[in-house]
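Sequential numbering from 1 along the given sequence is applied to the chain's residues. Basis for what follows: all heavy atoms, side chains included, without hydrogens, waters or symmetry-related copies.
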Amino acid sequence: MATDNETTGRRPEGRPTAKSAKRPGGKRPPAKHARHEKGEVVARPGLKARRVAVKLLSAVVDQATSLDGLTDPDHGHPHFRQLEPRDRALVKAILTTALRFRGTLEAEIAARLDRPLPANAASLRHILHVGATQIRFLDVPDSAAVDLAVASAEADPRARRFKGLVNAVLRRMAREAPAELPREVDCPSWLMERLTAHYGSEKAAAIAEAHRHPAPVDLTVKSDPMGWAAKLGGRAIGASTVRLDTLDGPVTELAGFDEGAWWVQDAAAALPVQLFGDLTGRTAADLCAAPGGKTAQLCEAGATVTACELSASRMKRLKANLARLGLEADTHEGPFEDLGADRTFDAVLIDAPCSSTGTIRRHPDVAYTKSPDEVKRLAEVQAGMLARAARLVALNGRLVFSNCSIDRDEGEAVIGTFLKTHSDFARDPIAPAEVPDFAEAITADGDLRTTPDMQGGVDGFFAARVKRVSAG
């Protein structure tokens, strides 16, 4: 799947800042509640941002709404877009952290309750999670976190009668040390069950632990990764990735951005295109191309590239990204099937839509917006797209099927069924030497399977390479 972490100009938002050490001794001042004038709550500084955080957390958890969509600066939730830039960043930090540590927060809150929260108290639960997130994980004064959570409860008719409970629970959290909990507590049960079934308990636990850590910034450079690593204060990974473990400011201000020397792309997301090798003088098609990271790689590999994208807005973004990078590709807006049955390519990449469970480090909402039913539905979509993509592969040409799911039903199972039903294709096994630093990701069948616990943290990706061996 062409994921939105393959961007060329956005600053990663929503990273939690390390919680400052608490000052020893002394009693905390009592929380100041929101006051009323003529029956209406008077907003205090910071309250609007916290109320937006509660509203958006509810949209993700209760309505399975994408956090990226809610916080899009141009088309996101209207209440989010009304915030000042600084408050937008705070809301994103609260939300990504609250989702990343949702199990931990739930356990800590429950431990400080005399009885479980009412089943219909969803708003109250979200208020507590927003406040607890700031206390445990963000560099926000505890008194402000408690005060604004109580004010949020008082401003919400559904939670107003629980404002005393909010105050008591969060003040206890501020006073008491964090609980010691197993790392798996932050992985939703549906996902943990599937990870264990696919990978075994030890590997599943390692993946769950990786999900608790924000992703670094990875850049795919056109050339000289060692040189760019030195220039940008990062380190080289694989064949073309430079990793920045910290980023002080927008990526647009980094050296090399204006001249198009690199683009943002996770190290694992950069691997599928590398499986084609040198494409000089060859034709290539990227069938799900936006936002353009893999299209750019195909261009850099020397191919004459056709990039297909169904969405008009995403195609616009792809074109803008290629323009900054000084790269050219023929573009086709609409279904890739419309390219024509008589048109074939030497190299075809189908980075198919998927559950995106391999990107939970970057998008922790995925763990709460996807489900086993969604995985099953998407696997069926991928199987259909793969079969249609195969028609575009020239004789002796290569087809790479990939996506950013860590669920084997969306990877190994899909390619296995394809090979059983397409005798004109054969698996073209990947050699470990083809993917420097990722030899452990090569499976016994010769496919590629990265998981988030590899190389200090990467996206979970699957990629299989097959070759057309007959006209069919």
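Evaluation of the side-chain hydrogen bond (donor to acceptor under 3.5 Å, both in side chains) rule for Ser371 yields no partner, not counting sequence neighbours. Annotation: salt bridge (charged side-chain N to carboxylate O under 4.0 Å, His left out) contacts of Glu253 (sequence neighbours excluded): none. Shown here are the ring-ring contact (aromatic ring centres under 6.0 Å, His included) partners of His79, two or more places apart in sequence or in another chain: His77. Qualifying ring-ring contact (aromatic ring centres under 6.0 Å, His included) partners for Phe162, counting only residues two or more places apart in sequence or in other chains: none. The side-chain hydrogen bond (donor to acceptor under 3.5 Å, both in side chains) check on Thr241 picks up nothing, with sequence neighbours excluded.
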- Task: For the pair Lys294 and Asp351, evaluate salt bridge (Lys or Arg N to Asp or Glu O under 4.0 Å) and give the outcome as yes or no after the intermediate values.
- Result: CA-CA 9 Å; Lys294 295 178 179 65; Asp351 190 40; 3.3 Å; yes

- Stepwise, does the side-chain hydrogen bond (donor to acceptor under 3.5 Å, both in side chains) test hold for Glu412 with His198? CA-CA 11 Å; Glu412 290 85 346; His198 289 314; over 6 Å; no

- Arg362 and Asp266: side-chain contact (heavy atoms from CB on, under 4.5 Å), yes or no, with the steps? CA-CA 10 Å; Arg362 301 179 189 279; Asp266 187 84; 2.6 Å; yes

- Verdict with supporting geometry, Thr359 and Asp459, side-chain hydrogen bond (donor to acceptor under 3.5 Å, both in side chains): CA-CA 5 Å; Thr359 69; Asp459 285 352; 5.9 Å; no

- Task: Please report the C-alpha distance between Glu106 and Arg102 in whole Å, then the side-chain angles of each, then the deciding distance to 0.1 Å, and finally whether the salt bridge (Lys or Arg N to Asp or Glu O under 4.0 Å) criterion is met.
- Result: CA-CA 6 Å; Glu106 185 69 18; Arg102 185 166 177 78; 5.0 Å; no

- Task: List the steps, then state whether side-chain contact (heavy atoms from CB on, under 4.5 Å) holds for Gln297 with Gln265.
- Result: CA-CA 10 Å; Gln297 286 182 276; Gln265 185 178 38; 3.1 Å; yes

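Note on ring orientation: taking the six-membered ring where Trp is involved, the planes of Trp262 and Phe257 are tilted (angle from 30° to 60°).
The backbone N or O of Ile237 lies less than 3.5 Å from no partner atom in the side chain of Gln455, so there is not a single donor-acceptor pair.
Taking the charged nitrogens against the carboxylate oxygens, Glu434 and Arg465 do have a contact shorter than 4.0 Å, which makes a salt bridge.
The distance from atom CG of Leu128 to atom CE of Met173, rounded to the nearest 0.5 Å, is 9.5 Å.
The side-chain contact (heavy atoms from CB on, under 4.5 Å) with Ile94 is formed by just one residue from the set Leu90, Val91, Thr97; it is Leu90.
Screening residues 191-206 for salt bridge (Lys or Arg N to Asp or Glu O under 4.0 Å), with sequence neighbours left out, gives Arg194-Asp407, Arg194-Asp409, Lys203-Asp453.
Judged by a 6.0 Å distance limit and a 45° cone about the ring axis, Arg88 is positioned over the six-membered ring of Phe80.
Annotation: Asp74, atom CG; neighbour count of heavy atoms from other residues, nucleotides and ligands within 6.0 Å is above 12.
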